[in-house]
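Predicted model only: the values in this text are computed from it and were never measured. Both counts, for ligands and for their atoms, begin at 1 and track the order of listing.
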Amino acid sequence: MKLNTNYRNLQTSYLFSTIAKKVHTFSAAHPQADIIRLGIGDVTLPLCTAVTQAMHGAVDEMGKKETFRGYGPEQGYAFLQTAIAQYYARRGVTLELDEIFISDGAKSDLGNMLDLFDKDNTVLIPDPVYPVYVDTNVMDGRKIVYVDATEENGFLPLPPQNVHADLIYMCSPNNPTGAVYTRDQLKQWVDYANEHHAVILFDAAYEAFIGSDDLPHSIYEIDGARTCAVEVCSLSKTGGFTGTRCGYTIVPKQISADGLSLNAMWLRRQTTKFNGVNYIVQRGAEAIFTPEGQAQTQSAIAYYKNNAAQIARVLDDLGIWYCGGKHSPYIWLKCGMDSWAFFDMLLEKANVVGTPGAGFGRNGEGFFRLTGFGDAQRTVEAAQRLKEIF
Ligand code: MLT
(Lines give C-alpha, C1' and ligand atoms only; values in the text may rest on other atoms or scores of the structure.)
Protein backbone atom coordinates (compact mmCIF):
# COMPACT_ATOMS: atom_id res chain seq x y z
CA MET A 1 0.00 0.00 0.00
CA LYS A 2 1.31 3.45 -0.90
CA LEU A 3 -0.08 6.70 0.49
CA ASN A 4 -0.41 10.02 -1.28
CA THR A 5 2.84 11.56 -0.06
CA ASN A 6 1.79 14.96 -1.41
CA TYR A 7 0.05 15.31 1.96
CA ARG A 8 3.54 15.78 3.43
CA ASN A 9 3.63 19.10 1.62
CA LEU A 10 0.58 20.47 3.45
CA GLN A 11 0.50 22.38 6.72
CA THR A 12 -0.39 19.84 9.41
CA SER A 13 -3.86 21.26 9.83
CA TYR A 14 -6.32 23.38 7.86
CA LEU A 15 -6.13 27.11 8.72
CA PHE A 16 -9.51 27.36 10.43
CA SER A 17 -8.94 24.12 12.36
CA THR A 18 -5.65 25.53 13.68
CA ILE A 19 -7.42 28.69 14.79
CA ALA A 20 -10.26 26.76 16.44
CA LYS A 21 -7.68 24.70 18.35
CA LYS A 22 -5.77 27.78 19.51
CA VAL A 23 -8.98 29.45 20.69
CA HIS A 24 -10.05 26.28 22.48
CA THR A 25 -6.69 26.08 24.31
CA PHE A 26 -6.90 29.75 25.25
CA SER A 27 -10.46 29.50 26.56
CA ALA A 28 -9.64 26.34 28.55
CA ALA A 29 -6.80 28.27 30.23
CA HIS A 30 -8.94 31.43 30.68
CA PRO A 31 -12.48 30.22 31.38
CA GLN A 32 -13.60 33.74 32.39
CA ALA A 33 -12.52 35.30 29.09
CA ASP A 34 -15.44 36.77 27.13
CA ILE A 35 -14.25 35.78 23.65
CA ILE A 36 -15.67 37.44 20.53
CA ARG A 37 -15.19 35.32 17.42
CA LEU A 38 -14.56 37.23 14.20
CA GLY A 39 -12.31 34.55 12.72
CA ILE A 40 -13.94 32.00 10.41
CA GLY A 41 -16.60 33.53 8.19
CA ASP A 42 -19.50 31.73 9.78
CA VAL A 43 -22.91 33.38 9.77
CA THR A 44 -24.78 34.12 13.00
CA LEU A 45 -28.28 35.10 11.82
CA PRO A 46 -30.86 32.32 11.49
CA LEU A 47 -32.29 31.12 8.19
CA CYS A 48 -34.90 33.58 6.93
CA THR A 49 -38.59 32.71 7.16
CA ALA A 50 -38.99 32.26 3.39
CA VAL A 51 -36.42 29.46 3.63
CA THR A 52 -37.71 27.81 6.80
CA GLN A 53 -41.31 27.84 5.53
CA ALA A 54 -40.23 26.18 2.29
CA MET A 55 -38.26 23.59 4.24
CA HIS A 56 -41.20 22.87 6.56
CA GLY A 57 -43.39 22.37 3.48
CA ALA A 58 -40.81 19.98 2.02
CA VAL A 59 -40.63 18.00 5.26
CA ASP A 60 -44.42 17.57 5.15
CA GLU A 61 -44.20 16.38 1.53
CA MET A 62 -41.59 13.81 2.54
CA GLY A 63 -43.99 12.51 5.18
CA LYS A 64 -46.79 11.67 2.70
CA LYS A 65 -46.79 8.73 0.31
CA GLU A 66 -48.12 10.85 -2.61
CA THR A 67 -45.36 13.46 -2.36
CA PHE A 68 -42.48 11.48 -0.86
CA ARG A 69 -39.22 11.52 -2.89
CA GLY A 70 -36.37 9.04 -2.82
CA TYR A 71 -33.17 9.42 -4.82
CA GLY A 72 -33.03 12.81 -6.49
CA PRO A 73 -31.05 13.83 -9.56
CA GLU A 74 -27.36 14.07 -8.56
CA GLN A 75 -27.04 17.35 -10.44
CA GLY A 76 -29.98 18.89 -8.57
CA TYR A 77 -33.73 19.34 -9.03
CA ALA A 78 -34.91 21.36 -12.03
CA PHE A 79 -36.91 23.70 -9.75
CA LEU A 80 -33.69 24.96 -8.11
CA GLN A 81 -31.72 25.04 -11.36
CA THR A 82 -34.55 27.13 -12.85
CA ALA A 83 -34.53 29.55 -9.88
CA ILE A 84 -30.76 30.01 -10.29
CA ALA A 85 -31.00 30.44 -14.08
CA GLN A 86 -33.64 33.15 -13.54
CA TYR A 87 -31.42 34.86 -10.95
CA TYR A 88 -28.62 35.03 -13.54
CA ALA A 89 -31.02 36.10 -16.30
CA ARG A 90 -31.83 39.22 -14.28
CA ARG A 91 -28.22 40.28 -14.90
CA GLY A 92 -28.35 39.39 -18.57
CA VAL A 93 -26.60 36.02 -18.21
CA THR A 94 -28.25 33.11 -20.03
CA LEU A 95 -27.59 29.65 -18.64
CA GLU A 96 -28.97 26.30 -19.72
CA LEU A 97 -30.35 24.22 -16.87
CA ASP A 98 -27.91 21.39 -17.49
CA GLU A 99 -25.02 23.81 -17.05
CA ILE A 100 -26.07 24.33 -13.40
CA PHE A 101 -25.05 21.64 -10.89
CA ILE A 102 -26.39 21.81 -7.34
CA SER A 103 -23.90 20.85 -4.65
CA ASP A 104 -23.34 20.89 -0.90
CA GLY A 105 -21.10 23.96 -1.16
CA ALA A 106 -18.21 25.66 -2.87
CA LYS A 107 -15.42 24.00 -0.90
CA SER A 108 -16.40 20.47 -1.98
CA ASP A 109 -16.86 21.45 -5.62
CA LEU A 110 -13.56 23.34 -5.75
CA GLY A 111 -11.79 20.22 -4.51
CA ASN A 112 -13.83 17.71 -6.52
CA MET A 113 -13.51 19.65 -9.77
CA LEU A 114 -9.81 18.78 -9.78
CA ASP A 115 -10.77 15.17 -10.61
CA LEU A 116 -11.32 16.46 -14.15
CA PHE A 117 -7.87 17.93 -14.63
CA ASP A 118 -4.60 16.12 -15.23
CA LYS A 119 -1.89 16.44 -12.57
CA ASP A 120 0.31 17.88 -15.26
CA ASN A 121 -1.32 21.31 -15.30
CA THR A 122 0.15 24.57 -14.04
CA VAL A 123 -2.11 26.32 -11.57
CA LEU A 124 -2.12 30.08 -11.10
CA ILE A 125 -3.29 31.27 -7.70
CA PRO A 126 -3.37 34.80 -6.30
CA ASP A 127 -1.57 35.21 -3.00
CA PRO A 128 -3.14 35.79 -0.47
CA VAL A 129 -6.11 33.54 -1.10
CA TYR A 130 -8.69 31.18 0.41
CA PRO A 131 -6.43 28.26 1.43
CA VAL A 132 -8.62 25.58 -0.17
CA TYR A 133 -7.41 26.51 -3.69
CA VAL A 134 -3.80 25.85 -2.70
CA ASP A 135 -4.30 22.85 -0.44
CA THR A 136 -6.45 20.88 -2.91
CA ASN A 137 -3.77 21.27 -5.58
CA VAL A 138 -0.93 20.44 -3.18
CA MET A 139 -2.83 17.22 -2.35
CA ASP A 140 -2.71 16.31 -6.04
CA GLY A 141 0.90 17.41 -6.51
CA ARG A 142 0.18 20.05 -9.16
CA LYS A 143 2.64 22.81 -9.95
CA ILE A 144 1.45 26.13 -8.49
CA VAL A 145 2.59 29.58 -9.54
CA TYR A 146 1.48 32.56 -7.54
CA VAL A 147 0.44 36.00 -8.65
CA ASP A 148 1.07 38.68 -6.06
CA ALA A 149 -1.89 40.53 -4.58
CA THR A 150 -0.50 43.46 -2.66
CA GLU A 151 -1.42 46.77 -1.11
CA GLU A 152 0.08 48.40 -4.24
CA ASN A 153 -2.27 46.65 -6.68
CA GLY A 154 -5.24 46.94 -4.27
CA PHE A 155 -5.08 43.16 -3.77
CA LEU A 156 -6.43 42.79 -7.32
CA PRO A 157 -3.60 41.33 -9.39
CA LEU A 158 -3.87 41.27 -13.18
CA PRO A 159 -2.67 38.47 -15.47
CA PRO A 160 1.10 38.11 -15.37
CA GLN A 161 3.05 38.65 -18.60
CA ASN A 162 5.06 35.72 -19.94
CA VAL A 163 3.65 33.19 -17.48
CA HIS A 164 1.64 30.26 -18.77
CA ALA A 165 -1.14 28.75 -16.66
CA ASP A 166 -3.71 26.02 -17.31
CA LEU A 167 -5.94 26.54 -14.28
CA ILE A 168 -6.58 29.93 -12.73
CA TYR A 169 -8.29 30.61 -9.42
CA MET A 170 -10.17 33.84 -8.83
CA CYS A 171 -12.44 35.00 -6.04
CA SER A 172 -14.37 38.27 -6.30
CA PRO A 173 -15.40 39.75 -3.89
CA ASN A 174 -12.23 38.30 -2.54
CA ASN A 175 -11.70 36.11 0.43
CA PRO A 176 -9.70 37.22 2.44
CA THR A 177 -9.22 40.81 1.25
CA GLY A 178 -12.76 41.86 0.31
CA ALA A 179 -11.41 43.49 -2.88
CA VAL A 180 -13.70 43.32 -5.94
CA TYR A 181 -12.65 43.15 -9.60
CA THR A 182 -14.14 45.60 -12.09
CA ARG A 183 -15.50 44.43 -15.46
CA ASP A 184 -12.38 45.69 -17.26
CA GLN A 185 -10.09 43.81 -14.92
CA LEU A 186 -12.08 40.58 -15.23
CA LYS A 187 -12.05 40.98 -19.01
CA GLN A 188 -8.24 40.94 -18.91
CA TRP A 189 -8.33 37.64 -17.02
CA VAL A 190 -10.89 36.14 -19.40
CA ASP A 191 -8.77 37.16 -22.42
CA TYR A 192 -5.67 35.73 -20.78
CA ALA A 193 -7.45 32.43 -20.03
CA ASN A 194 -8.77 32.13 -23.60
CA GLU A 195 -5.33 32.90 -25.06
CA HIS A 196 -3.74 30.20 -22.89
CA HIS A 197 -6.62 27.75 -23.38
CA ALA A 198 -6.84 27.78 -19.59
CA VAL A 199 -9.83 27.35 -17.28
CA ILE A 200 -10.73 29.95 -14.66
CA LEU A 201 -12.27 28.54 -11.50
CA PHE A 202 -14.25 31.60 -10.40
CA ASP A 203 -15.45 31.61 -6.81
CA ALA A 204 -18.51 33.86 -6.50
CA ALA A 205 -19.38 32.91 -2.90
CA TYR A 206 -19.58 36.56 -1.84
CA GLU A 207 -21.33 37.99 -4.92
CA ALA A 208 -24.49 38.86 -3.00
CA PHE A 209 -22.48 41.36 -0.93
CA ILE A 210 -21.80 43.54 -3.98
CA GLY A 211 -23.75 46.73 -3.51
CA SER A 212 -23.21 48.33 -6.91
CA ASP A 213 -24.52 47.52 -10.41
CA ASP A 214 -21.18 48.66 -11.83
CA LEU A 215 -19.32 45.68 -10.37
CA PRO A 216 -19.76 42.21 -11.88
CA HIS A 217 -21.40 39.53 -9.72
CA SER A 218 -20.62 36.74 -12.15
CA ILE A 219 -17.74 36.01 -14.52
CA TYR A 220 -20.38 35.35 -17.21
CA GLU A 221 -21.12 39.06 -17.31
CA ILE A 222 -17.81 39.25 -19.19
CA ASP A 223 -17.61 38.49 -22.93
CA GLY A 224 -15.68 35.32 -23.66
CA ALA A 225 -16.15 33.75 -20.23
CA ARG A 226 -18.30 30.88 -21.47
CA THR A 227 -15.33 29.32 -23.24
CA CYS A 228 -13.00 29.47 -20.26
CA ALA A 229 -14.73 29.85 -16.91
CA VAL A 230 -16.38 27.60 -14.36
CA GLU A 231 -18.26 29.50 -11.64
CA VAL A 232 -18.61 28.06 -8.17
CA CYS A 233 -21.04 29.64 -5.77
CA SER A 234 -22.25 28.88 -2.29
CA LEU A 235 -25.44 29.82 -0.48
CA SER A 236 -23.53 29.76 2.82
CA LYS A 237 -22.98 33.49 2.98
CA THR A 238 -25.90 34.54 0.74
CA GLY A 239 -28.58 32.60 2.58
CA GLY A 240 -26.93 31.67 5.88
CA PHE A 241 -26.49 28.06 4.71
CA THR A 242 -23.13 27.30 6.41
CA GLY A 243 -24.83 24.60 8.47
CA THR A 244 -27.56 23.73 5.97
CA ARG A 245 -25.17 23.15 3.03
CA CYS A 246 -26.09 24.08 -0.51
CA GLY A 247 -24.28 25.70 -3.39
CA TYR A 248 -23.96 25.34 -7.13
CA THR A 249 -21.39 25.17 -9.88
CA ILE A 250 -21.85 26.35 -13.45
CA VAL A 251 -19.97 24.47 -16.14
CA PRO A 252 -20.66 25.96 -19.60
CA LYS A 253 -20.93 23.51 -22.48
CA GLN A 254 -18.38 25.43 -24.57
CA ILE A 255 -15.37 24.36 -22.48
CA SER A 256 -13.58 21.38 -23.96
CA ALA A 257 -10.13 19.91 -24.56
CA ASP A 258 -8.78 16.69 -26.05
CA GLY A 259 -12.21 15.97 -27.51
CA LEU A 260 -13.78 15.94 -24.05
CA SER A 261 -16.47 18.28 -22.78
CA LEU A 262 -15.91 19.60 -19.25
CA ASN A 263 -19.66 19.78 -18.67
CA ALA A 264 -20.15 16.13 -19.68
CA MET A 265 -17.18 15.08 -17.54
CA TRP A 266 -18.52 16.92 -14.48
CA LEU A 267 -21.94 15.30 -14.96
CA ARG A 268 -20.25 11.90 -15.20
CA ARG A 269 -18.18 12.62 -12.10
CA GLN A 270 -21.11 13.89 -10.03
CA THR A 271 -23.51 11.12 -11.01
CA THR A 272 -20.87 8.58 -10.02
CA LYS A 273 -19.40 10.09 -6.86
CA PHE A 274 -22.03 12.48 -5.46
CA ASN A 275 -25.43 11.68 -3.99
CA GLY A 276 -26.92 15.11 -4.56
CA VAL A 277 -28.30 17.57 -2.03
CA ASN A 278 -31.40 16.50 -0.15
CA TYR A 279 -34.84 17.63 -1.35
CA ILE A 280 -35.67 19.61 1.80
CA VAL A 281 -32.52 21.72 1.55
CA GLN A 282 -33.03 22.30 -2.17
CA ARG A 283 -36.57 23.58 -1.51
CA GLY A 284 -35.09 25.92 1.12
CA ALA A 285 -32.44 27.08 -1.37
CA GLU A 286 -35.10 27.71 -4.02
CA ALA A 287 -36.88 30.05 -1.57
CA ILE A 288 -33.78 32.30 -1.42
CA PHE A 289 -34.46 33.26 -5.05
CA THR A 290 -38.11 34.28 -4.54
CA PRO A 291 -38.81 38.02 -4.12
CA GLU A 292 -39.54 37.42 -0.43
CA GLY A 293 -36.36 35.36 0.03
CA GLN A 294 -34.28 37.97 -1.80
CA ALA A 295 -35.59 40.76 0.45
CA GLN A 296 -34.97 38.73 3.60
CA THR A 297 -31.47 37.56 2.63
CA GLN A 298 -30.52 41.07 1.53
CA SER A 299 -31.54 42.35 4.94
CA ALA A 300 -29.19 39.82 6.61
CA ILE A 301 -26.41 40.86 4.23
CA ALA A 302 -27.02 44.53 5.10
CA TYR A 303 -26.70 43.59 8.79
CA TYR A 304 -23.32 41.91 8.16
CA LYS A 305 -22.11 44.78 6.00
CA ASN A 306 -23.08 47.20 8.75
CA ASN A 307 -20.93 45.15 11.16
CA ALA A 308 -18.01 45.49 8.74
CA ALA A 309 -18.71 49.24 8.58
CA GLN A 310 -18.51 49.47 12.39
CA ILE A 311 -15.06 47.86 12.34
CA ALA A 312 -14.02 50.07 9.42
CA ARG A 313 -15.07 53.20 11.33
CA VAL A 314 -12.77 52.33 14.23
CA LEU A 315 -9.90 51.58 11.84
CA ASP A 316 -10.51 54.95 10.16
CA ASP A 317 -10.33 56.64 13.57
CA LEU A 318 -7.11 54.81 14.34
CA GLY A 319 -5.64 55.62 10.92
CA ILE A 320 -5.10 51.93 10.15
CA TRP A 321 -5.00 50.90 6.47
CA TYR A 322 -7.61 48.34 5.41
CA CYS A 323 -9.56 47.20 2.40
CA GLY A 324 -12.80 45.29 1.97
CA GLY A 325 -15.93 45.73 4.03
CA LYS A 326 -17.90 47.72 1.48
CA HIS A 327 -18.91 44.96 -0.93
CA SER A 328 -17.79 42.16 1.34
CA PRO A 329 -18.21 40.83 4.87
CA TYR A 330 -14.43 40.87 5.32
CA ILE A 331 -12.15 43.63 6.55
CA TRP A 332 -8.49 43.15 5.65
CA LEU A 333 -6.39 45.36 7.85
CA LYS A 334 -2.71 46.12 8.00
CA CYS A 335 -1.58 44.93 11.41
CA GLY A 336 2.02 45.92 10.68
CA MET A 337 3.55 42.97 12.52
CA ASP A 338 3.79 39.19 12.31
CA SER A 339 0.16 38.25 11.77
CA TRP A 340 0.19 35.19 14.07
CA ALA A 341 1.79 37.33 16.80
CA PHE A 342 -1.04 39.85 16.23
CA PHE A 343 -3.57 37.01 16.47
CA ASP A 344 -2.12 35.97 19.86
CA MET A 345 -1.97 39.55 21.08
CA LEU A 346 -5.56 40.28 20.05
CA LEU A 347 -6.80 37.09 21.68
CA GLU A 348 -4.90 37.68 24.90
CA LYS A 349 -5.43 41.41 25.34
CA ALA A 350 -8.85 41.91 23.74
CA ASN A 351 -10.26 38.37 23.70
CA VAL A 352 -11.10 38.90 20.03
CA VAL A 353 -10.49 36.18 17.43
CA GLY A 354 -9.53 37.08 13.88
CA THR A 355 -7.61 35.34 11.11
CA PRO A 356 -3.90 35.97 10.56
CA GLY A 357 -3.11 37.11 7.03
CA ALA A 358 -0.21 34.67 6.79
CA GLY A 359 -2.75 31.84 6.85
CA PHE A 360 -3.85 32.98 3.38
CA GLY A 361 -0.36 33.10 1.88
CA ARG A 362 3.00 34.80 1.94
CA ASN A 363 1.62 38.20 0.92
CA GLY A 364 -0.87 38.02 3.77
CA GLU A 365 1.94 38.49 6.28
CA GLY A 366 1.52 41.81 8.08
CA PHE A 367 -2.26 41.75 7.49
CA PHE A 368 -5.21 40.44 9.45
CA ARG A 369 -8.81 39.52 8.57
CA LEU A 370 -11.88 40.34 10.66
CA THR A 371 -15.36 39.28 9.63
CA GLY A 372 -18.65 41.14 9.75
CA PHE A 373 -20.55 37.89 10.32
CA GLY A 374 -20.78 38.33 14.09
CA ASP A 375 -23.61 39.61 16.25
CA ALA A 376 -24.04 43.38 15.80
CA GLN A 377 -23.58 44.36 19.46
CA ARG A 378 -20.65 42.01 19.93
CA THR A 379 -19.00 43.42 16.81
CA VAL A 380 -19.29 46.96 18.17
CA GLU A 381 -17.79 45.67 21.41
CA ALA A 382 -14.94 43.97 19.51
CA ALA A 383 -14.25 47.16 17.57
CA GLN A 384 -14.11 49.08 20.84
CA ARG A 385 -11.68 46.57 22.31
CA LEU A 386 -9.56 46.90 19.18
CA LYS A 387 -9.43 50.64 19.73
CA GLU A 388 -8.18 50.13 23.26
CA ILE A 389 -5.25 47.91 22.34
CA PHE A 390 -3.95 49.96 19.40
C1 MLT B 1 -13.70 31.70 5.66
O2 MLT B 1 -13.78 32.09 6.81
O3 MLT B 1 -12.76 31.99 4.91
C4 MLT B 1 -14.80 30.84 5.13
O5 MLT B 1 -15.85 30.82 6.01
C6 MLT B 1 -14.35 29.48 4.94
C7 MLT B 1 -15.28 28.74 4.06
O8 MLT B 1 -16.20 29.32 3.47
O9 MLT B 1 -15.07 27.55 3.93
With heavy atoms of G41 as the reference, note each atom of ligand 1 found under 4.0 Å away.
-> 1 (C), 2 (O), 5 (O)
Among Y130, Y330, F16, Y206, whose heavy atom sits nearest atom 9 (O) of ligand 1?
-> Y130
Establish, from distance only, whether the side-chain atoms of D109 and Y248 form a donor-acceptor pair under 3.5 Å.
-> no
May I ask you to check whether over 12 heavy atoms, not counting those of N9, lie within 6.0 Å of atom CG?
-> yes
Could you tell me whether some N/O pair between R369 and ligand 1 is separated by less than 3.5 angstrom?
-> yes
Return yes if a side-chain donor-acceptor contact under 3.5 Å exists between E231 and Y88, otherwise no.
-> yes
Look only at interatomic distance and state if I40 has a nitrogen or oxygen under 3.5 Å from any nitrogen or oxygen of ligand 1.
-> no
Taking atom 5 (O) of ligand 1 as the reference point, the nearest protein heavy atom with its distance | K237 NZ, 2.7 Å
In short, V190 meets A225 closest at the heavy-atom pair CG1-N, 3.7 Å
For N175, is at least one N or O under 3.5 Å away from an N or O on ligand 1?
-> yes
Is there a donor-acceptor contact under 3.5 Å linking the side chains of T49 and Q296?
-> yes
